[in-house]
Protein chains: 4
Amino acid sequence: MIKVGIVGGTGYTGVELLRLLAQHPEVQLVAITSRGDAGTAVSSMFPSLRRRLSLQFEDPARANLQDCDVVFFATPNGVAMQQAPALLDAGVRVIDLAADFRIRNVAEWSQWYGMQHSSPEWVADAVYGLPEYDRADIRNARLLANPGCYPTAVQLGFLPLLEAGVVELDHLVADAKSGVSGAGRKAEIPTLFSEAADNFKAYAVPGHRHLPEIRQGLSRMAGSPVGLTFVPHLTPLIRGIHATLYARIKDEADFQAIFDTRYQDEPFVDVLPPGSHPDTRSVRAANICRIAVHRPQEGNVLVVLSVIDNLVKGAAGQAVQNMNIMFGLPETTGLWQLAVFP
Amino acid sequence: MIKVGIVGGTGYTGVELLRLLAQHPEVQLVAITSRGDAGTAVSSMFPSLRRRLSLQFEDPARANLQDCDVVFFATPNGVAMQQAPALLDAGVRVIDLAADFRIRNVAEWSQWYGMQHSSPEWVADAVYGLPEYDRADIRNARLLANPGCYPTAVQLGFLPLLEAGVVELDHLVADAKSGVSGAGRKAEIPTLFSEAADNFKAYAVPGHRHLPEIRQGLSRMAGSPVGLTFVPHLTPLIRGIHATLYARIKDEADFQAIFDTRYQDEPFVDVLPPGSHPDTRSVRAANICRIAVHRPQEGNVLVVLSVIDNLVKGAAGQAVQNMNIMFGLPETTGLWQLAVFP
Amino acid sequence: MIKVGIVGGTGYTGVELLRLLAQHPEVQLVAITSRGDAGTAVSSMFPSLRRRLSLQFEDPARANLQDCDVVFFATPNGVAMQQAPALLDAGVRVIDLAADFRIRNVAEWSQWYGMQHSSPEWVADAVYGLPEYDRADIRNARLLANPGCYPTAVQLGFLPLLEAGVVELDHLVADAKSGVSGAGRKAEIPTLFSEAADNFKAYAVPGHRHLPEIRQGLSRMAGSPVGLTFVPHLTPLIRGIHATLYARIKDEADFQAIFDTRYQDEPFVDVLPPGSHPDTRSVRAANICRIAVHRPQEGNVLVVLSVIDNLVKGAAGQAVQNMNIMFGLPETTGLWQLAVFP
Amino acid sequence: MIKVGIVGGTGYTGVELLRLLAQHPEVQLVAITSRGDAGTAVSSMFPSLRRRLSLQFEDPARANLQDCDVVFFATPNGVAMQQAPALLDAGVRVIDLAADFRIRNVAEWSQWYGMQHSSPEWVADAVYGLPEYDRADIRNARLLANPGCYPTAVQLGFLPLLEAGVVELDHLVADAKSGVSGAGRKAEIPTLFSEAADNFKAYAVPGHRHLPEIRQGLSRMAGSPVGLTFVPHLTPLIRGIHATLYARIKDEADFQAIFDTRYQDEPFVDVLPPGSHPDTRSVRAANICRIAVHRPQEGNVLVVLSVIDNLVKGAAGQAVQNMNIMFGLPETTGLWQLAVFP
């Protein structure tokens with residue numbers, strides 16, 4: 001059994017980790033911390049876990065995380081970079097679900113995240129954890145940077161085309177739509193039900209923090225810098241990301257076959273047949289990305305549709321998938337739940 | 001492995017059965033029928049099942065259901081009463097998720113369901129399957145009548161009070177709210193998104209088909225006829241039933257203790273601490289009923305709040321629970337998934 | 001033109017007042033205050049008002065409210081009782097949309113609202129403003145206490161039965177469901193989209209602040225104290241209240257006729273034909289209450305269904321209706337918009 | 001008073017026309033037809049209109065539409081082309097809210113709409129009714145082709161850039177999201193609440209019927225053919241379209257100024273300040289298009305955000321706006337309602 005700790009378990013990513021890990025056959029949850037809710041039973045905050053999880057939130061200062069095999073950080077940006085190094089030095093492996101270790105260029109990171117990086121030395125050591133691209137490196141990772149939700153959907157959608165070199169790199173467009181849980185469990189007016197329900201809007205068009213992460217990821221897949229326009233939208237659904245991707249064709253090819261081949265052995269990427277339109281509910285609560293590729297009107301533009309559950313394949317599920325790889329477990333262990341439909 | 005067949009798998013109850021049975025460790029799904037969709041891969045209709053279920057819908061006339069150990073009917077009312085007897089005669093056990101065998105008074109059934117009963121002789125033989133009340137009978141059931149969704153929530157909420165004899169029986173009120181999936185997967189205008197979203201309404205106030213089923217159930221728990229007013233409402237959520245139950249106190253008692261004691265050994269009924277308000281999402285996609293009991297302003301009325309997922313504890317999950325009991329499996333087998341939150 | 005001021009215009013009640021008053025042909029909006037947003041253009045906070053309203057929020061201390069004919073308080077409880085008296089003394093009429101002057105028993109008010117009342121002398125002078133019951137008094141009101149949202153729906157639903165004396169008074173039940181906007185525009189976790197969407201729950205079952213207001217209202221209609229159980233629920237819709245009311249029949253009567261007769265001249269109460277189920281969207285954004293009365297199964301219980309838009313007939317619309325009465329305008333002036341469907 | 005008839009009033013476009021026309025001060029509604037619902041009171045089908053509209057649906061064959069000044073067709077595609085000519089010949093002006101007369105190339109129309117055109121001679125005579133571009137022609141139109149919902153949002157968003165000639169024409173992208181009411185009031189499974197709620201999906205990516213209409217419109221604005229990729233998405237909101245438009249910059253310019261200047265005198269197009277993100281609720285139930293223009297990261301791509309209510313500026317409201325122009329009324333007559341927020 002892998003001894004697991006969670007730092008920051010009161011957000012949506014944290015409670016989704018709890019849901020998945022509580023059902024994981026090879027995991028023993030030993031500690032979960034929350035500064036503000038120490039002493040509270042986890043299941044009294046999240047009744048969905050009642051009678052299945054007896055842990056209490058512990059004060060971060062007092063939790064014995066150093067005895068864990070792996071610690072997940074489900075914290076706001078800027079926390080893991082401060083607390084993870086001590087654990088790493090003690091031999092505990094760390095999976096950070098925030099952005100602290102995703103961007104290799106520390107200066108760029110600081111600019112987008114508005115703070116100095118407290119552990120730049122660990123950035124180089126961190127492994128970016130998109131299993132479909134980084135599996136080999138993940139196995140030996142000590143510090144794993146779990147990808148963001150938008151970056152997962154967008155990178156998995158563009159990856160086969162970029163590796164195959166069949167699209168123009170200077171004008172990629174990623175029009176992405178996210179459910180509201182992507183904004184986290186924070187008391188803020190814009191994500192109130194009365195604000196976000198029956199409403200649709202773009203946000204952060206001038207520049208969203210996931211832009212540099214996506215651009216970094218696509219550029220390494222393409223082998224050269226890409227030009228990307230990324231527009232995120234807030235969508236009145238709880239879970240789900242739908243990325244609609246546009247790329248101009250550079251070289252003719254069997255684009256469907258490129259996707260089919262690239263992902264044929266991937267347990268958590270599902271390429272749909274030609275003509276399909278994946279919907280977000282087909283991945284609701286499941287660790288899977290479903291993808292369809294279109295060439296509308298037989299023109300010179302490819303349209304890729306890529307959907308994930310932002311809390312699962314876009315966060316907690318992918319983190320568990322990475323943990324499975326890091327600890328040599330079959331990659332699907334504890335992640336085999338079917339999507340909830342309807 | 002239990003060999004399982006499903007008749008009528010294209011509705012919400014059917015696909016939920018598929019989700020649960022595909023993940024059940026002791027079940028082998030051998031056939032699923034649909035008159036209109038024979039030959040179609042199940043996963044092409046329900047992409048959430050892709051890569052996990054390779055069955056095709058079969059024509060009911062040609063499916064080899066007689067080799068099954070148990071057949072679930074997830075069909076409209078009136079189908080099981082016609083098709084189940086042949087299977088029963090062949091030794092196949094049957095679980096009907098529709099209403100055909102729930103009402104012991106066949107004349108009353110005919111009046112409410114607007115058709116003659118084609119197999120009245122089987123009604124007496126059928127076992128009503130509310131495990132928390134009928135467990136002993138379920139074990140040996142050949143033909144199991146799976147309770148309706150509203151009846152499950154309402155009966156589990158009133159049961160401890162009726163058994164204890166502490167409330168007036170002549171004026172029970174069940175104000176129940178259901179998610180839209182309870183109306184089934186039928187192309188009808190009133191359940192269109194543009195009709196049911198951002199909207200709330202009562203329906204069938206003059207008389208809903210679940211009224212006789214609930215009244216029958218409450219009366220046997222109480223040992224005498226009850227007076228019940230039952231008002232269902234259509235609520236803009238996909239899954240979930242919230243029953244708000246009102247009963248006048250007859251005898252003083254520790255009402256919380258009555259619930260705690262009655263359900264303490266039940267795996268799928270969770271009594272919340274005093275002062276709680278269960279929400280439907282705390283049971284979303286899980287086979288559990290959560291209950292709280294209140295005595296507002298220390299007055300003479302008890303208010304019981306009872307929530308279930310109408311497709312799980314209110315339909316497919318309870319059917320699988322009944323199957324587990326019928327086949328001597330641990331009752332929680334394959335039903336241990338945590339609710340999906342948020 | 002009536003010169004109108006609004007104190008506290010940044011909540012949902014405030015912005016709904018703005019929507020209605022900006023379209024009111026006899027109103028000149030002269031000032032709107034907000035402590036935190038002074039200097040901000042109203043339409044930059046609420047883009048729905050762009051190009052139609054050029055006001056800025058003003059600091060309450062500096063706004064010249066004393067020149068108004070009437071000032072609406074769309075503030076949290078406890079503000080109007082402190083600020084209204086100075087305006088009243090200056091001859092400005094006041095309409096309070098909060099609860100400060102609704103409860104005639106000041107001690108009871110203090111108990112439910114958790115604060116001392118700073119202007120108990122004004123409570124006696126205040127007129128409760130349910131036009132369908134209080135019209136005569138409203139005409140001369142200096143200080144008007146605008147009813148709460150739940151109290152409006154529940155009182156209008158029970159009123160004809162209580163006046164007619166045909167139901168038992170000791171066991172009334174009001175099971176009420178409200179859209180999330182009823183909780184106000186406050187940054188709080190329980191009303192986040194990801195918490196309130198696709199979810200349904202009761203709340204405040206032990207005792208909600210509207211209980212004493214409703215009980216006071218029903219008791220004066222009945223002419224004697226009533227026994228009331230009131231259970232509010234949070235419903236995943238933005239606007240709308242659906243009250244489902246239960247009363248035992250005391251005397252036989254033509255209950256439909258009682259409603260038809262009582263409300264036949266009311267512009268803003270619509271009694272539906274027998275067998276109807278009003279839905280909340282039929283009153284969305286309109287100042288109207290729609291009501292249906294049922295006697296299920298010809299039994300001894302009446303069920304009344306009463307729907308309003310909590311922000312219109314349950315708040316801002318009723319406040320404007322009261323203003324119209326107070327200033328001798330036709331009652332429907334500026335309130336004649338049709339409900340928005342779908 | 002303009003005497004108005006409506007053919008086909010039982011869909012969402014029809015009932016929205018009723019809402020707007022019933023409140024229009026210069027309109028007398030004289031007839032509304034429905035084949036299936038002749039004899040039914042309009043307000044019994046649409047209770048939101050109760051006590052404000054006393055019309056009954058009439059059989060199309062018997063309605064006296066020839067006495068109208070103008071007849072709106074709110075019918076499925078293919079109806080107006082058959083029934084409008086007789087009215088036109090009788091001197092009645094016609095506004096078709098369907099697609100029959102929108103595409104000037106009849107062969108192309110037939111291909112996309114899957115039927116022969118029965119009145120190709122009227123196509124040339126029809127005026128396309130985007131007031132912001134076609135105002136002069138609309139004044140004298142006998143037969144007006146009211147634009148589609150997506151085409152309105154997309155054309156208004158691209159118009160200033162195309163007229164100014166500052167963007168590349170060969171690679172325009174329109175990623176559009178529509179509320180479910182855009183699919184009409186038809187009993188179909190994909191638009192059931194349980195299918196469309198909490199879900200997001202693209203559809204018709206290979207080719208949507210609005211593609212040729214948009215392409216025709218953009219090409220005439222640009223003065224030469226455009227290359228357009230158009231991807232519509234089904235979004236879990238009732239009303240609203242959000243078009244996210246992408247264009248490569250050809251010539252440097254003050255893009256904000258281009259929009260500000262182009263629309264400064266338009267009553268129903270609102271250009272937001274730099275940095276804005278219009279949301280669909282800011283136009284809910286109002287006849288207005290709100291637009292923002294962005295240049296992310298100061299790159300070579302412009303992003304235009306354009307929102308409308310698909311039933312108002314995208315259908316019925318624009319039709320009334322066109323009627324106002326056709327009959328010499330102030331363009332805003334009867335269309336001045338503020339958006340409903342929240």
Side-chain angles (χ1 to χ4, degrees), chain C residues 11-13 15-16 18-23 41 43-53 179-181 184-185 193 197-199 236-239 266-273 276-286 288 290 292 307 309 311-312 332 336-342, chain D residues 11-13 15-16 18-23 41 43-53 179-181 184-185 193 197-199 236-239 266-273 276-286 288 290 292 307 309 311-312 332 336-342:
Chain C
Y12 294 136
T13 303
V15 66
E16 186 70 352
L18 287 169
R19 182 177 76 92
L20 296 173
L21 293 175
Q23 301 181 90
S43 67
S44 78
M45 180 176 293
F46 300 120
S48 58
L49 301 170
R50 276 175 61 85
R51 314 214 297 186
R52 296 288 295 283
L53 195 72
V180 185
S181 66
R185 192 162 169 269
F193 181 90
D198 204 44
N199 191 30
L237 42 91
I238 297 176
R239 291 162 173 255
E266 286 298 338
F268 294 125
V269 181
D270 177 28
V271 179
L272 302 183
S276 300
H277 301 86
D279 48 7
T280 57
R281 64 181 180 163
S282 75
V283 300
R284 187 190 289 142
I288 195 154
R290 299 196 202 273
V307 302
D309 183 322
L311 295 179
V312 193
T332 59
W336 216 221
Q337 296 95 337
L338 285 164
V340 174
F341 164 91
Chain D
Y12 293 136
T13 302
V15 67
E16 185 69 354
L18 288 168
R19 182 176 75 92
L20 296 174
L21 293 174
Q23 301 182 89
S43 66
S44 78
M45 180 176 294
F46 300 121
S48 58
L49 301 170
R50 277 175 59 85
R51 312 215 298 186
R52 296 288 295 283
L53 194 73
V180 185
S181 66
R185 192 162 171 270
F193 181 90
D198 204 45
N199 190 29
L237 42 90
I238 297 177
R239 291 161 173 255
E266 287 297 339
F268 295 125
V269 181
D270 176 28
V271 179
L272 302 184
S276 300
H277 301 86
D279 48 7
T280 57
R281 64 180 180 164
S282 75
V283 300
R284 188 190 288 141
I288 194 153
R290 299 197 203 273
V307 302
D309 183 321
L311 294 180
V312 193
T332 59
W336 217 220
Q337 296 95 337
L338 285 165
V340 174
F341 165 91

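So you know, we letter chains A, B, ... as the sequences are listed, proteins then strands, and number each from 1.
- A heavy-atom distance below 4.5 Å is not found between the side chains of C/P342 and D/V180.
- Judged purely by atom type and a 3.5 angstrom limit, C/R290 uses its side chain to pair as donor or acceptor with the backbone of D/P47.
- Using a 4.5 Å cut-off on side-chain heavy atoms (C-beta onward), D/R281 and C/S48 make no contact.
- Separation of atoms CZ (C/R284) and CD1 (D/I238) is listed at 4.5 Å; rounding is to 0.5 Å.
- In this structure, D/R239 and C/V340 have side chains that are in contact, with non-hydrogen atoms separated by less than 4.5 Å.
- Across all their heavy atoms, D/R51 and C/D270 have their closest contact at CD-OD1, 3.7 Å.
- Here the options are D/L49, D/L20, D/L18, the test is side chain to side chain contact (heavy atoms under 4.5 Å, CB included), and the partner is C/L338; only D/L49 passes.
- Between C/Q337 and D/Q23 the shortest heavy-atom distance is CA-OE1, 3.1 Å.
- Put simply, the side chain of C/R52 gets close to the backbone of D/W336: a donor and an acceptor are under 3.5 Å apart.
- For chain D, the nearby parts of C/R19 are the backbone and the side chain; heavy atoms of each come within less than 4.5 Å.
- Heavy-atom distances place the backbone of C/P267, and not its side chain, under 4.5 Å from chain D.
- Of the atoms belonging to C/V15, it is side-chain heavy atoms, and not backbone ones, that fall under 4.5 Å from chain D.
- Listed options D/L311, D/L272, D/D198 were ranked by heavy-atom pairs under 4.5 angstrom with chain C; first place goes to D/L272.
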